[in-house]
Amino acid sequence: MPEAGLWRRIGRDLVHPSRGQFLVAGVLFLIGLLVVTQLAGGREQDTYSSMRRTDLVQLLDQLNAEQERLSQESTRLEKTKQELASGADARRIAAEQNSKRLDQLHILAGTVGAKGPGIRLTIVDPQHKVGPEILLDAVEEMRDAGAEAIEINDQVRVVAQSWFSRDGQQLVADGKPLQTPLVLDVIGEPHALEEGARFRGGLVSQVQAEAVGGEVAISRLEEVRITALHESRPVRWAKPA
């Protein structure tokens, strides 16, 4: 029964594979991995190939700005690490770093004023078509572009807990009615912030679309001053984990 002998040999090879079979299996695995990787890379290339050149340039500018920021942060942290490791004035250096970190947390929480380079976005909305969803998108776009502090109409400090709604034709932010035109003061790298607002499908595109009929003016400023403060609330449920 040649067929029975063949099946016995196959079963024996499956239970006790030879060295050559291990090698063949490894080669097949690597080939499959390369094929999957190439297909995934092809899909990513297809995504970028559908974008316009101006959009790709804007995306590259944002990535370069973010890379520069991370590089500077890495250099600063490495310098701090070396200073602490040297043992010279370690307590003083640690106290200075704690103070800087505390200042950063206060700025992020919106409990202190802030100043620095950035942009001013002025949104003209004659038909009152700019809704809370567009305003929320604008805030998220600025954050994605590296915004460190945002203020609306000199009266609302935008923080993580900020919310937007509409009362009739009037926009409301954190319970405060917003008059038009809307003015957003944003602290961050000016070029990256402006490109984030002008990116296709972003704030400028949405506001100036025919359905809204508004206008957006963008000014780069060497110094933006943000004075509006967020009233912090006591935490009731969340605890450090």
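Only a predicted model underlies this, so the values are computations on that prediction, with no experimental measurement involved. Along the sequence shown, residues carry numbers from 1.
In this structure, the separation between CD1 on Ile150 and OG on Ser162 is 8.5 Å, given to the nearest 0.5 Å. Note: Glu189 CD to Ile119 CD1 = 10.0 Å, rounded to the nearest 0.5 Å. Between Glu133 atom CD and Arg166 atom CZ the span is 7.0 Å, to the nearest 0.5 Å.
Scanning both residues, Leu221 and Arg120, for their nearest heavy atoms gives CD1-CB, 4.1 Å. Scanning all heavy atoms of the two residues, the minimum distance from Ala173 to Leu178 falls at CB-CD1, 3.7 Å. Scanning both residues, Glu141 and Gly201, for their nearest heavy atoms gives OE2-O, 4.2 Å. Taking all atoms of both residues into account, the shortest heavy-atom contact from Val224 to Pro117 is CG2-C, 4.4 Å. Closest approach of Asp174 and His230 over heavy atoms only: OD2-ND1, 4.3 Å. Contact detail for Leu229 and Gly113: the closest heavy-atom pair is CD2-N, 3.6 Å.
Salt-bridge formation is not detected for the pair Glu231/Arg233: no Lys NZ or Arg NE/NH1/NH2 atom is positioned less than 4.0 Å from an Asp or Glu carboxylate oxygen.
Both Leu203 and Met142 are members of a single hydrophobic cluster when ILVMFWY side chains are connected at heavy-atom separations under 4.5 Å. Linking Ile, Leu, Val, Met, Phe, Trp and Tyr residues whenever their side-chain heavy atoms come within less than 4.5 Å places Leu136 and Leu193 in a single cluster. Hydrophobic cluster membership differs between Val172 and Leu135, with clusters built from Ile, Leu, Val, Met, Phe, Trp and Tyr side chains linked at under 4.5 angstrom.
When Leu105, Ile226, Ile107 are each tested for a side-chain contact (heavy atoms from CB on, under 4.5 Å) with Val112, only one passes: Ile107. Among the candidates Val158, Thr122, Ile123, Val156, the single residue satisfying the side-chain contact (heavy atoms from CB on, under 4.5 Å) test with Leu184 is Ile123.
With hydrogens and angles disregarded, a donor-acceptor distance shorter than 3.5 Å links the side chain of Asn153 to the backbone of Gln179. A donor-acceptor pair under 3.5 Å is formed between the side chain of Glu151 and the backbone N or O of Ala228.
Applying the 6.0 Å contact sphere to CZ of Arg143 captures more than 12 heavy atoms from other residues, nucleotides or ligands. Surrounding CD of Glu222 are at most 12 heavy atoms belonging to other residues, nucleotides or ligands under 6.0 Å away.
Using a 4.5 Å cut-off on side-chain heavy atoms (C-beta onward), Arg220 and His191 make contact. Residues Val212 and Val130 form a side-chain contact, since some pair of their non-hydrogen atoms from C-beta on lies under 4.5 Å apart.
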| task | Start with the C-alpha distance between Ile218 and Val204, add both sets of side-chain angles, then the distance that settles side chain to side chain contact (heavy atoms under 4.5 Å, CB included), and finish with yes or no. | result | CA-CA 10 Å; Ile218 303 177; Val204 175; 4.1 Å; yes
| query | Please walk me through it: do Asp125 and Leu182 pass side chain to side chain contact (heavy atoms under 4.5 Å, CB included)? | reply | CA-CA 8 Å; Asp125 180 27; Leu182 299 171; over 6 Å; no
| message | Working note: Asp185 + Arg225, criterion side chain to side chain contact (heavy atoms under 4.5 Å, CB included); need CA distance, chi angles, decisive distance, verdict. | response | CA-CA 8 Å; Asp185 287 328; Arg225 286 185 172 268; over 6 Å; no
| task | Check step by step if side chain to side chain contact (heavy atoms under 4.5 Å, CB included) holds for Ile152 and Phe164. | result | CA-CA 11 Å; Ile152 303 176; Phe164 307 101; 3.8 Å; yes
